[in-house]
Chemist: 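Below is a structure I'd like to ask you about.
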Amino acid sequence: MNLNNRIKLSAMMFLEFFIWGAWFVTLGTFLGNNLSATGGQSASVFSTQSWGAIIAPFIIGLIADRYFNAEKILGVLHLVGAVLMYQMYNATDINVFYPYVLGYMILFMPTLALVNSVSFNQMKDPEKEFSTIRVWGTIGWIAAGLLISFYFHWDTAEAAKAGMLKNTFLMAGIASLTLGLFSFTLPKTPPKVSSGEKVKVSEILGLDALKLLKDKNFAIFFISSILICIPLAFYYQNAHPFLSNVGLENPTGKMTIGQISEVLFLLLLPVFFTKFGFKKTILVGMLAWGVRYALFAYGNASDLSFMLILGIALHGICYDFFFVSGQIYTNSAAGDKYKSSAQGLITLATYGVGMLVGFEVAGWITDTYKLADGSFDWKMVWIIPSGIAFVVFLLFALFFTDKKKVEAQLNH
């Protein structure tokens with residue numbers, strides 16, 4: 001890959017994840033402070049991510065892969081996204097805000113696949129080259145969090161109460177406009193499928209891979225993947241409001257520690273895989289979810305603030321050791337015939353179904369433990385997902401048997 005394209009693709013990844021990190025991390029706190037949203041209303045807003053993940057394959061499978069260049073669709077989606085971001089910035093009521101965020105997420109979630117398509121199209125050896133491009137996405141997410149906390153100070157207790165977090169949508173909108181225009185300069189990525197070719201809905205959603213569920217181990221992994229997304233949803237929905245409410249300074253900036261650890265553990269993942277195999281690696285990931293929420297339940301922003309920081313730092317293990325190793329296992333278990341279908345099925349199961357259920361549960365639990373003075377019994381809000389994670393850990397430990405074939409393929 002030539003240097004010019006490498007720089008363009010790195011900038012594309014940086015902007016893609018800068019946009020997401022610029023508003024999504026602080027969303028829970030914004031909804032509570034600016035729009036006086038209940039836990040249930042917050043759950044509905046966060047669930048738009050899941051609806052976006054469910055609808056995204058249709059946009060990619062029916063339009064992007066058949067009729068238009070991927071970089072052009074990427075540009076159009078981000079330009080429309082910038083307009084929707086501006087509407088979210090202006091919204092003062094949850095009922096006005098919701099349609100815009102739903103529309104935005106339906107447009108944004110397909111772009112996650114599109115940036116990968118544009119990148120892979122330029123690579124001769126994606127396994128070696130992709131990580132050096134993708135890491136710029138994580139750097140973009142970190143940069144957004146650092147700007148919010150340490151440059152603009154929108155997440156201080158006073159600024160958040162004054163409603164300054166609405167500015168995150170303006171920042172994300174400007175970045176979306178920039179990426180929208182920049183996308184038209186990206187390397188050409190023509191459609192993969194001829195427009196006359198028949199397309200099956202079962203292929204788009206990865207339903208062809210349902211045959212893999214006949215394998216007991218894959219079925220256990222599949223069910224565990226859906227269930228572990230329930231505790232994951234608690235983190236997305238409640239972590240920022242929790243850290244803000246308990247008085248942790250610069251919460252958005254400190255939450256970027258999670259992304260820094262993600263980069264670190266992504267590099268360590270092959271070592272773990274080779275030494276311990278898939279089952280032990282994924283169990284460490286599940287265990288980390290339970291431990292992280294126990295740290296949140298019993299930590300505080302003063303003498304035990306290290307427990308909160310440690311909980312944030314565990315994000316790398318939580319995410320990489322479960323989701324990334326899960327993608328590798330899925331790739332191995334599926335074989336050549338069902339490779340892409342199986343990845344589509346796991347994405348639909350986790351970001352679609354699992355997170356949808358998770359956000360609803362998180363919203364219900366948060367409302368249940370809201371106290372008369374408007375504060376929350378955060379200890380109970382975190383103990384419940386911690387318990388769910390430990391149950392999933394036990395389910396997987398007892399019923400999943402690690403196949404040597406998977407290890408052999410990974411070590412190959």
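The analysis underlying the following values was restricted to heavy atoms, covering all of them including side chains, and did not include hydrogens, waters or symmetry mates. Keep in mind the model is a prediction, meaning the values are calculated, not measured.
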Chemist: Hey, which of Ile312, Val291, Leu310 is the one that makes side chain to side chain contact (heavy atoms under 4.5 Å, CB included) with Phe296?
Modeler: Ile312

Chemist: Decide yes or no on side chain to side chain contact (heavy atoms under 4.5 Å, CB included) for Phe108 and Gln49, but give the supporting numbers first.
Modeler: CA-CA 9 Å; Phe108 180 78; Gln49 177 187 283; over 6 Å; no

Chemist: Taking the ring of Phe46 and the ring of Tyr236, is the distance between their centroids below 6.0 Å?
Modeler: no

Chemist: Find the distance between CZ (Phe272) and CG (Asp320) and round it off to the nearest 0.5 Å.
Modeler: 11.0 Å

Chemist: What are the two closest non-hydrogen atoms of Ala70 and Val118, and how far apart are they?
Modeler: CB-CG2, 4.0 Å

Chemist: Under 3.5 Å, which donor-acceptor pairs do the side chains of residues 321-328 form with other protein atoms, sequence neighbours left out?
Modeler:
residue : atom : partner : partner atom : Å
Ser325  : OG   : Phe321  : O            : 2.2
Ser325  : OG   : Phe322  : O            : 3.4

Chemist: Cation-pi check for Tyr89 against Lys166: NZ or CZ below 6.0 Å from the six-membered ring centre and within 45 degrees of the axis, yes or no?
Modeler: yes

Chemist: Less than 4.5 Å apart, any side-chain heavy atom of Gln122 and any of Lys8?
Modeler: no

Chemist: Could you check whether Phe97 and Tyr104 have their ring centres less than 6.0 Å apart?
Modeler: no

Chemist: Are Phe376 and Phe242, when compared by the centres of their aromatic rings, separated by less than 6.0 Å?
Modeler: no

Chemist: Any heavy-atom pair between the side chains of Phe68 and Pro191 that's under 4.5 Å?
Modeler: no

Chemist: Taking atom OG1 of Thr111 and atom CG of Asn116, what is their separation to the nearest 0.5 Å?
Modeler: 9.5 Å

Chemist: Do the side chains of Ser119 and Met13 get nearer than 4.5 Å, heavy atoms only?
Modeler: yes

Chemist: What side-chain donor-acceptor pairs closer than 3.5 Å can you find for residues 380-397, not counting sequence neighbours?
Modeler:
residue : atom : partner : partner atom : Å
Ser386  : OG   : Gly290  : O            : 2.8

